[in-house]
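For reference, positions follow the sequence shown, starting with 1. Values in this document were obtained by computation on a predicted structure and should not be read as measured data. Worth knowing before you read on, the calculation uses all heavy atoms, side chains too, and leaves out hydrogens, waters and symmetry mates.
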Amino acid sequence: MSTAPVRAPEASSCAALPPLRTQLAQLLLVGFPGTRPGAVSRGLVERGVGGLLLFRGNVVSAGQVRALVADLKGRAEIPLEVAVDQEPGTRVARLAGIVRAAPSARELGRMPAERVERYGKATGRDLAALGVTADLAPVLDVTGARWDGVIGDRSFGSDPATAGRAAVAFMRGLAAGGVAPVGKHFPGHGATTVDSHHRLPVVAASMARLHARDLAPFRAAIRSGLDAVMVGHLVVRAVDPRTPATLSPAVVGGLLRERLGFGGLVVSDALEMGAIAGTVTIPVAAERAVAAGVDQLVLSGHGAVPAVLRQLERAVADGRLSRARVREAFLRVQRFKRV
């Protein structure tokens with residue numbers, strides 16, 4: 001994790017870059033079946049996919065995960081990202097029982113920052129020991145007044161200052177433990193009652209309220225050196241009244257990049273989620289997300305990978321997606337992986 005906001009990547013020479021198909025494949029972070037290396041997981045690596053995402057179905061024991069990850073990493077020509085959703089608490093903890101348990105984010109938000117950071121560092125160390133390189137955490141969302149919303153106790157607090165302080169502490173701990181944190185779900189999913197896994201949430205807050213409340217933890221994390229931000233599948237009316245944030249240049253380019261000054265990796269939430277897949281196909285969503293400024297596309301399953309790559313290639317060939325935008329995204333992925 002860097003100590004200051006990062007700049008947009010630059011390439012000294014286009015000739016030094018791999019072919020377009022490889023650059024596009026490196027933008028994908030993909031889930032896969034099985035607890036042992038198999039035709040699908042090895043095929044994804046051989047296809048040049050930039051990262052693999054662990055789910056509970058990939059997990060039996062620490063030794064098994066370590067062997068699985070080591071095998072797949074060893075087959076990659078470009079270093080492979082291995083990511084997981086391992087948040088504090090039990091609701092979203094794919095490696096529960098293997099990685100040391102931590103209280104929920106809501107409970108951590110009541111603790112001193114030093115103690116929160118220790119929990120983050122323990123999580124980071126355990127993940128790194130398995131070969132995991134990135135954690136899709138912490139949650140930077142600020143909840144509403146009630147705790148029974150979609151995010152609930154995955155959030156560190158209903159107060160922006162509390163949520164930001166604790167999330168930054170956990171983020172620092174993860175990085176100190178050896179894994180890269182990915183803050184989520186920009187620009188703020190905490191007060192929503194609609195689950196984006198099924199439908200598209202709409203945030204009706206004014207721009208002033210967004211800046212005072214929802215965006216405050218993201219600003220704090222970016223100032224503290226956060227290298228990656230996950231964008232949520234939600235419509236934020238004050239920024240873009242029609243387009244989900246993941247597909248919106250106004251949210252990604254205007255709000256996150258320009259207003260908040262973020263120069264790191266922008267990651268999508270899973271494109272199969274109902275908030276997106278219920279309105280456009282996954283390949284079209286992938287194209288629109290990259291065009292909007294998203295650098296890394298999350299696919300919770302592997303089935304759409306060939307179609308997504310074909311769609312992105314066609315978008316470049318037809319001029320809808322520039323090679324410069326692909327190059328920029330590719331270089332951000334490589335920098336995040338410290339390649």
Side-chain angles (χ1 to χ4, degrees), residues 1 29-38 40-41 44-45 49-74 76 79-108 115-140 151-156 166-167 169-185 197 227-228 230 267 269-270 272-273 296 298-302 336-337:
M1 186 175 69
L29 178 62
V30 185
F32 62 96
T35 57
R36 294 185 297 177
V40 171
S41 54
L44 289 168
V45 174
V49 162
L52 295 179
L53 183 58
L54 295 172
F55 286 94
R56 192 66 197 174
N58 302 120
V59 177
V60 175
S61 67
Q64 168 266 325
V65 172
R66 194 177 300 114
L68 171 66
V69 169
D71 179 283
L72 297 173
K73 280 184 170 181
L80 185 70
E81 176 183 347
V82 178
V84 68
D85 284 283
Q86 187 67 28
E87 299 174 14
T90 59
R91 286 182 61 194
V92 183
R94 313 298 189 201
L95 295 168
I98 295 174
V99 170
R100 278 171 282 185
S104 69
R106 177 184 181 180
E107 294 174 88
L108 291 178
R115 189 176 178 192
V116 178
E117 185 168 342
R118 286 198 296 272
Y119 275 113
K121 189 172 184 179
T123 299
R125 283 178 168 171
D126 287 356
L127 292 175
L130 297 172
V132 172
T133 64
D135 188 6
L136 305 185
V139 167
L140 292 165
I151 298 298
D153 65 358
R154 296 172 63 194
S155 165
F156 289 90
F170 194 81
M171 175 187 89
R172 290 184 186 277
L174 285 174
V179 299
V182 180
K184 59 189 184 184
H185 308 80
H197 286 87
D227 285 337
M230 177 182 285
V267 184
D269 210 338
E272 296 96 336
M273 291 167 62
Q296 186 176 63
V298 175
L299 298 169
S300 58
H302 67 281
F336 180 71
K337 294 195 291 185

Legend entry - Approximate separation, where rounding is to 0.5 Å, of Leu108 CG and Arg118 CZ: 11.5 Å
Inset, instruction - Kindly say whether Phe32 contributes a backbone atom to a donor-acceptor pair with the side chain of Asn58 at under 3.5 angstrom? - result: yes
Inset, instruction - For residues Val84 and Val132, report the shortest heavy-atom separation together with the two atoms involved. - result: CG1-CG1, 3.9 Å
Inset, instruction - Ignoring hydrogens and angles, tell me if any N or O in the side chain of Arg56 forms a donor-acceptor pair with the backbone of Ala96 under 3.5 Å. - result: yes
Legend entry - Arg66 atom CZ, neighbour heavy-atom count above 12 within 6.0 Å: yes
Inset, instruction - For the residue pair His302 and Val49, establish whether any side-chain heavy-atom pair is separated by less than 4.5 Å. - result: no
Legend entry - Pro88 side chain near Phe156 side chain, heavy-atom distance below 4.5 Å: yes
Legend entry - Backbone of Arg106 reached by a side-chain donor or acceptor of Asp153 within 3.5 Å: no
Legend entry - Asp85 (side chain) donor-acceptor with Val92 (main chain) under 3.5 angstrom: no
Inset, instruction - Starting from the C-alpha separation in whole Å, work towards a yes-or-no answer on side chain to side chain contact (heavy atoms under 4.5 Å, CB included) for Leu54 and Val82. - result: CA-CA 7 Å; Leu54 295 172; Val82 178; 4.0 Å; yes
Legend entry - Over all atoms of both residues, closest heavy-atom pair of Gly38 and Ser41: N-OG, 3.0 Å
Legend entry - Considering all heavy atoms, the nearest Gly177-Ala128 contact: O-CB, 3.7 Å
Inset, instruction - With rounding to the nearest 0.5 Å, note down the distance linking CG in Leu52 to CG in Leu29. - result: 7.5 Å
Legend entry - Check: Gly301 main-chain N/O paired with Glu272 side-chain donor or acceptor under 3.5 Å: yes
Inset, instruction - First locate atom CG of Leu44, then atom CG of Leu80, and finally report the distance between them rounded to the nearest 0.5 Å. - result: 9.5 Å
Inset, instruction - Measure the shortest side-chain to side-chain distance between Leu127 and Val99 over non-hydrogen atoms and say whether it is less than 4.5 angstrom. - result: yes
Inset, instruction - List the atom of Lys337, the atom of Gly50, and the distance in Å for their closest heavy-atom pair. - result: NZ-O, 3.0 Å
Legend entry - Of Met230, Glu87, Arg94, His185, the residue whose pairing with Leu136 passes side-chain contact (heavy atoms from CB on, under 4.5 Å): Met230
Legend entry - For the student: nearest non-hydrogen atoms of Ala228 and Phe336, plus distance: CB-CE1, 3.5 Å
Inset, instruction - With the side chain counted from C-beta on, respond yes when Asp126 and Leu130 share a heavy-atom pair under 4.5 Å apart, and no when they do not. - result: no
Inset, instruction - Please check if the side chain of Gln86 supplies one atom and the backbone of Asp135 the other of a donor-acceptor pair under 3.5 Å. - result: no
Inset, instruction - Could you tell me whether a side-chain N or O of Arg154 sits under 3.5 Å from a main-chain N or O of Gly89, the two making a donor and an acceptor? - result: no
Inset, instruction - Considering non-hydrogen atoms only, spot the tightest contact between Leu174 and Pro181 and give its length. - result: CD1-CB, 3.9 Å
Legend entry - Distance-only side-chain donor-acceptor flag, Ser61 / Gln64, under 3.5 Å: no
